[in-house]
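First the structure, in the form of structure tokens, and then the observations on it.
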There are 2 protein chains.
Amino acid sequence: MADFPAFSVTADLVVLTVQGNELRVLLVRRGIEPYRGAWALPGGFVLPDEDLDAAAVRELREETGLTAPVGHLEQLASYGAPGRDPRGRVVTVAYLALLPHLPAPVAGSDAEGAAWVALPPGELAFDHARILADGVERARAKLEYSPLATAFCPPEFTITELREVYETVWDARLDPRNFHRKVTGTPGFVEPVGRSIAAERGRPAQLFRRGPARLLHPPMLRPTP
Amino acid sequence: MADFPAFSVTADLVVLTVQGNELRVLLVRRGIEPYRGAWALPGGFVLPDEDLDAAAVRELREETGLTAPVGHLEQLASYGAPGRDPRGRVVTVAYLALLPHLPAPVAGSDAEGAAWVALPPGELAFDHARILADGVERARAKLEYSPLATAFCPPEFTITELREVYETVWDARLDPRNFHRKVTGTPGFVEPVGRSIAAERGRPAQLFRRGPARLLHPPMLRPTP
DNA sequence: CCCTTTATCGTCACGATGACGATAAGCTCC
DNA sequence: GGAGCTTATCGTCATCGTGACGATAAAGGG
């Protein structure tokens, strides 16, 4: 392998969450050149003896303090155009993480500052705008045929909370009655906890947790406007 | 980037085609160690000033002699576990290519030998069995919600040829009448050429070419056995 | 107790689909 | 040239999923 050693490899993260009718992404402000002071996706170099997935998990933990297996993490795509990093030849393996909104502040970050930024953000370093767009599009598409919307919710949630996730990520309004029928009627999507929770107003709602299904048959369809 | 230069990057290809009721993958027999003599996915190192996609296109051309934009090529996933290549730290960016069956023999290959091998193949070098499985699963899934089955067909094809692609990739039997209705009724999936072609037996079939649609709404659904 | 709000259940029409019959348009064979 | 075979294409019908939307249930606030 001494013939082609000229690559560095990073694992960068598109970490999305839903809070207050907004889809937000975790960004860090770069403390060093290049792009010093600019927003960028969190991430870092894959260690010499580390698997790609392990690097992504490590970066996610470092940036969010997450240790418990909550939310969802999957590989997104890889980006390796020459010149995308002015320092040299860098291939970035991007990962997509979907998390419930964390009440605790973003801790343990070694970057200058980390923040949840509403979409769309401003300018991003490197080709991170493209990576972010790919991640958001992946998330939007996956809500259709997978139960991943539950990754944006806490362990126990109401149907209304789940619907608000869909409405926020898709930027669309869904009929509460049809949504309720669809979700509770799809086997394995959600399972009733058996308890209810009172909201600020109105009738208390049943609590659910995510079910065992990995795929939705038939899928949730985005409204055609 | 001098801190972490210890990676080599390859672009490897999962090239699939449909021929005679069989799904086949393009494999090369390795001429050098490690895994000398074993079947492997075609591919090679990304050049120092080459984009990942460009490397995949170059490898595809070198292995198949393809120059015209036929079929389909997309990034699949990246694989970088330590130890997956005994020679050192290698990250492989895998690509998935779907091609019509090429009447010309596989030309221009710089490997010892290249062949179309029916699935499932025997043992493969490195972690290529896993990469191949991921590629096949991606292809199977994409036939549901995209018109990519046309990538397995020549520029002009009949509905029956297209149905045989689905049946082969999914290993399922589809009702010819319902399939015909579904395909011709989905806007942008296929467009009639206006001519017909006579098969060996039976009524001649109309010829179609692929339409402009990128997504199928609603999707083709795999039969639930 | 009435009103507001939200959760949940019901109803109905319509479009998509699976099962399958019917017809069309070539061929071969006699 | 017609019978018979094969495949392509069209039609029919019951069923299911879905969008639109009415109705009811269950809380709190005045």
Side-chain angles (χ1 to χ4, degrees), chain A residues 20-21 143-145 147 153 156-167 170 172-209 213 215-225, chain B residues 20-21 143-145 147 153 156-167 170 172-209 213 215-225:
Chain A
N21 289 2
L143 289 206
E144 287 200 302
Y145 57 91
C153 297
E156 299 187 348
F157 52 88
T158 67
I159 300 294
T160 295
E161 288 180 280
L162 186 62
R163 175 169 50 83
E164 287 168 348
V165 166
Y166 273 94
E167 292 180 331
W170 283 351
R173 277 179 295 172
L174 304 177
D175 184 284
R177 298 158 290 186
N178 292 336
F179 184 85
H180 190 282
R181 176 183 61 187
K182 170 72 176 174
V183 169
T184 57
T186 300
F189 194 173
V190 297
E191 290 176 340
V193 169
R195 289 176 291 111
S196 293
I197 192 171
E200 297 206 356
R201 290 177 304 191
R203 172 176 172 178
Q206 268 191 280
L207 284 172
F208 293 82
R209 64 169 63 95
L215 249 28
L216 302 183
H217 284 304
M220 299 279 302
L221 287 180
R222 268 184 270 198
T224 65
Chain B
N21 290 1
L143 289 208
E144 287 201 303
Y145 57 91
C153 297
E156 299 187 347
F157 51 88
T158 66
I159 301 294
T160 295
E161 287 180 281
L162 186 63
R163 176 170 49 84
E164 287 168 349
V165 165
Y166 273 93
E167 292 180 331
W170 283 351
R173 278 177 296 171
L174 304 177
D175 184 283
R177 297 158 291 188
N178 292 336
F179 183 84
H180 190 282
R181 175 182 60 188
K182 171 71 176 174
V183 169
T184 57
T186 300
F189 195 173
V190 296
E191 291 176 339
V193 169
R195 288 176 292 112
S196 293
I197 192 172
E200 296 206 357
R201 291 176 304 192
R203 173 177 172 176
Q206 270 190 279
L207 283 172
F208 294 82
R209 64 168 63 94
L215 248 29
L216 302 183
H217 283 307
M220 298 280 301
L221 287 179
R222 269 183 270 199
T224 65

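Chain naming here is simple, since letters A, B, ... match the order of the sequence lines and numbering starts at 1 in each.
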Under a 4.0 Å heavy-atom criterion, DNA chain D is touched by chain B from D/dT6 to D/dT12

Minimal heavy-atom distance between A/Ala213 and A/Pro187, with the atoms involved, is CB-O, 3.7 Å

Closest non-hydrogen atoms of B/Tyr166 and B/Leu143, given as atom of the first, atom of the second and distance, are OH-O, 3.0 Å

Atom CZ of B/Arg222 and atom C1' of C/dT17 are separated, to the nearest Å, by 18 Å

Taken in chain and number order and not counting sequence neighbours, the residues that satisfy salt bridge (Lys or Arg N to Asp or Glu O under 4.0 Å) with A/Glu144 are A/Arg222

Show every donor-acceptor pair shorter than 3.5 Å between a side-chain atom in residues 192-205 of chain A and any protein atom, with sequence neighbours excluded, or say none if there are none.
residue	atom	partner	partner atom	Å
A/Arg195	NH2	A/Glu156	OE1	2.6
A/Arg195	NH2	A/Glu156	OE2	3.0

In numerical order, the residues of residues 172-187 of chain A whose heavy atoms come under 4.0 Å of DNA chain D are A/Asp175, A/Arg177, A/Asn178, A/Arg181, A/Lys182

Run the side-chain donor-acceptor check on residues 174-183 of chain B: report pairs under 3.5 Å with partners two or more places apart or on a different chain.
residue	atom	partner	partner atom	Å
B/Asp175	OD1	B/Arg177	N	2.8
B/Asp175	OD1	B/Arg177	NE	3.4
B/Asp175	OD1	B/Asn178	N	2.9
B/Asp175	OD2	B/Arg177	NH2	3.1
B/Asn178	OD1	B/Arg181	NH2	3.2
B/Lys182	NZ	B/Pro218	O	3.0

Enumerate the protein-to-nucleotides 23-30 of chain C contacts in which both atoms are nitrogen or oxygen and the separation is below 3.5 Å.
residue	atom	partner	partner atom	Å
C/dA24	N3	B/Arg203	NH1	3.3

Between B/Leu221 and B/Trp170 the two heavy atoms that sit nearest each other are O-CZ3, 3.9 Å

Between the CG atom in B/Leu162 and the CZ atom in B/Phe189, the distance rounded to the nearest 0.5 Å is 5.0 Å

Between the CG atom in B/Leu215 and the OH atom in B/Tyr145, the distance rounded to the nearest 0.5 Å is 8.0 Å

By side chain to side chain donor-acceptor pair (under 3.5 Å), A/Glu167 pairs with (sequence neighbours left out) A/Arg163

- Query: Is the shortest side-chain N/O distance from A/Thr160 to OP1 or OP2 of C/dA7 below 4.0 Å?
  - Reply: yes

Taken to the nearest 0.5 Å, the spacing of A/Arg209 CZ from A/Cys153 SG works out to 14.0 Å

